[in-house]
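Following: one structure in structure tokens, then a few remarks.
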Amino acid sequence: MNVKGTVHKYGNDVDTDVIIPARYLNTSSEEELAAHCMEDIDKDFVRTVKKGDIIVAQDNFGCGSSREHAPIAIKASGVSLVIANTFARIFYRNSINIGLPILECPEAVANISDGDVVSCDLSAGVIVNETTGKSFRAEPFPAFIQNIIDAGGLMKSLAQK
Amino acid sequence: MGMTMTQKILAAHAGLDSVKAGQLIMADLDMVLANDITAPVAIKEFEKAGATCVRCKDKISLVMDHFTPNKDIKAACQVKLTREFAQKQGIEHFYDVGQMGIEHALLPEQGLVGAGDCVIGADSHTCTYGALGAFSTGVGSTDMAAGMIGQKCWFKVPAAIRFVLHGKLPRFVTGKDLILHIIGMIGVDGALYRSMEFTGDGVKSLSMDDRFTVCNMAIEAGAKNGIFPVDELTLDYLKGRFKREIRIFEADEDAEYERTVEIDLSSLRPTVAFPHLPENTRTEWEEIPVQQAVIGSCTNGRISDLCQAAEILKGRKVHKNVRCIVIPATQEVYLQAMKEGLLEIFIKAGAIVSTPTCGPCLGGHMGILADGERCVSTTNRNFVGRMGHITSEIYLASPYVAAASAVTGKLSLPEEVI
């Protein structure tokens, strides 16, 4: 699967409380969650994000609460991929389970700026910064994980079987 | 190669003689848990998979604790959905207002988790039960749904960091100070993907409630789980509560640890995590006025936490500029606090006592902060906007420090008031 979009870049330890504040967790509606995505760290995100856009962040992205609402909000806001140096473990698992593509690639993170246009071949793990022309290689997911993401999440992939 | 305590529990639940760090395994689950925020998403996923009935209705706990008593119509609808699911599926351990308490205080208290268990919960602080010698970890709603369907979960076997505790904590220094000290030392991703295994002669000096607090915040260092060895104190706690078989696992002599950290408990001081990360710990500070003090949560809402707060507040008054909110974690804790006269101490001091709820910890209700306000809190996270407005600030501390600060109106050590 190939994705392409404009980058929204963030720093270390972006926690799930800023990705989707708990005051909005009284719903599990994807649209309602997306309407408040990143609100407490970047109030312009919801206004500027376009379908296909990519989030790039540094260490420990998604730390804190286990709320699956966090990757759901990011995915429903149109984001096609999150690239970070490292992910917090529950967020990592949740992203795969709901079908949000994520990649760990410190080299790409160091060479991508906010507003750059980035494309990625998810199955090969090749990330290209279209703005600078540089390309990077991340460890792609094994086929069985990629299948879960392609199906749109773990439960959908189980239902297909 | 020997195994850590966590690895032994995982091997036993995967039906394997041994496992090693990095290995992917499928393990049986003794309990799966969700709350009023994560259960509705899990139920949706359960239905997406085409599932019609849960596998083990006595090994599922649904605890309505986060936005309850229902804070608004949407929260009420989420609880209603979960309640109807529990009724339809015949789920025995469904806890609604009247029986419910904060999940990570409630499950151990009700004997639903115990030594040797393998537990997942759709709540990041599920790691609390490591205090009882269980492997328990937080997951998302989809994993929880899969757990309800198959009563199994896949895990990557974690490597471990060993914390060897020596000596005894000084007066006014608690398990909260110990775990804040550790997070300050290793950082919020210092134990990412790993187990935090606590050991050493200092373990015996820590109360069960201290151990719950320590394991509760393992996730704040990024850990998969925190775990204590099982000793007399653990067995005493489990006696009369835990109905299943107690299974005691011990780390092998030659278990492999990525790192070993030695900690002299007697050298620790009351420790506070400043905004906006639990790793921003300090033991000294300039004058910091506070407008709210919260004493409660899955981290510090147990009876000994309330006793510590009462020790400070007895015969004293909460400062006129401070709202002091005390939240017993469960109905049993509430009742015990009443019998021991703690509630009277709190109310006479000018604090309020709430029914059990996670409420303010995650900015749900019962103590939301306005712009620029500061709160000293015995909870577990001080992220931007966690308890309210994005310019508000949370200072994470022990019940002693929170109560002392409530009295003085500024971040204070217990010695300043006693």
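Chain letters run A, B, ... following the sequence lines, proteins first and then strands; every chain starts at 1.
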>> Looking only at heavy atoms and a cut-off of under 4.5 Å, which of Thr38(B), Asn70(B), Val384(B), Asp189(B) has the most pairs with chain A?
In response: Asp189(B)

>> Closer than 4.0 angstrom, basic N to acidic O: yes or no for Glu32(A) and Lys74(B)?
In response: yes

> Less than 4.5 Å apart, any side-chain heavy atom of Pro21(A) and any of Arg386(B)?
Replying inline: no

>> So which atom in Ser28(A) and which in Val41(B) form the shortest heavy-atom distance, rounded to 0.1 Å?
In response: CB-CG2, 3.7 Å

> Picking from Asp15(A), Asn12(A), Asp40(A), which has the most non-hydrogen pairs under 4.5 angstrom with chain B?
Replying inline: Asp15(A)

> Between Thr142(B) and Glu68(A), is any side-chain donor less than 3.5 angstrom from a side-chain acceptor?
Replying inline: yes

> Any donor-acceptor pair under 3.5 Å linking the side chain of Arg93(A) with the backbone of Val139(B)?
Replying inline: no

> Is there side-chain contact between Asp143(B) and Ile90(A), with at least one heavy-atom pair below 4.5 Å?
Replying inline: no

>> Quick check on the interface: out of Asp72(B), Ile368(B), Ile149(B), who has the most heavy-atom pairs with chain A under 4.5 Å?
In response: Asp72(B)

> What part of Phe87(A) lies closer than 4.5 angstrom to a heavy atom of chain B: side chain, backbone, both or neither?
Replying inline: both

> For Gly138(B), does its backbone N or O pair with a side-chain atom of Arg89(A) as donor and acceptor, under 3.5 Å?
Replying inline: yes

>> Could you check whether any side-chain N or O of Asn94(A) sits under 3.5 Å from a backbone N or O of Gly140(B), counting only pairs where one atom can act as donor and the other as acceptor?
In response: yes

> For Ile72(A), is it the side chain, the backbone, both, or neither that has a heavy atom closer than 4.5 Å to a heavy atom of chain B?
Replying inline: side chain

> Does the side chain of Leu192(B) reach to within under 4.5 Å of the side chain of Thr86(A), using non-hydrogen atoms?
Replying inline: yes

> Side chain, backbone, both or neither: which part of Ala146(B) has an atom under 4.5 Å from a heavy atom of chain A?
Replying inline: both

> So what's closer than 4.5 Å to chain B heavy atoms on Leu25(A): side chain, backbone, both or neither?
Replying inline: both

> Do Asn26(A) and Phe67(B) come within less than 4.5 Å of each other through their side chains, counting heavy atoms only?
Replying inline: yes

> What are the two closest non-hydrogen atoms of Gly388(B) and Arg23(A), and how far apart are they?
Replying inline: O-NH1, 4.1 Å

> Considering only heavy atoms, which portion of Ile37(B) lies under 4.5 Å from any heavy atom of chain A: side chain, backbone, both, or neither?
Replying inline: both

> Which residue out of Gly385(B), Ala76(B), Ala51(B), Ser141(B) racks up the most heavy-atom pairs below 4.5 Å with chain A?
Replying inline: Ser141(B)

> For Ile73(B), is it the side chain, the backbone, both, or neither that has a heavy atom closer than 4.5 Å to a heavy atom of chain A?
Replying inline: neither

> In terms of heavy-atom pairs under 4.5 Å with chain B, which of Ser65(A), Ala88(A), Ala70(A), Gly153(A) leads?
Replying inline: Ser65(A)

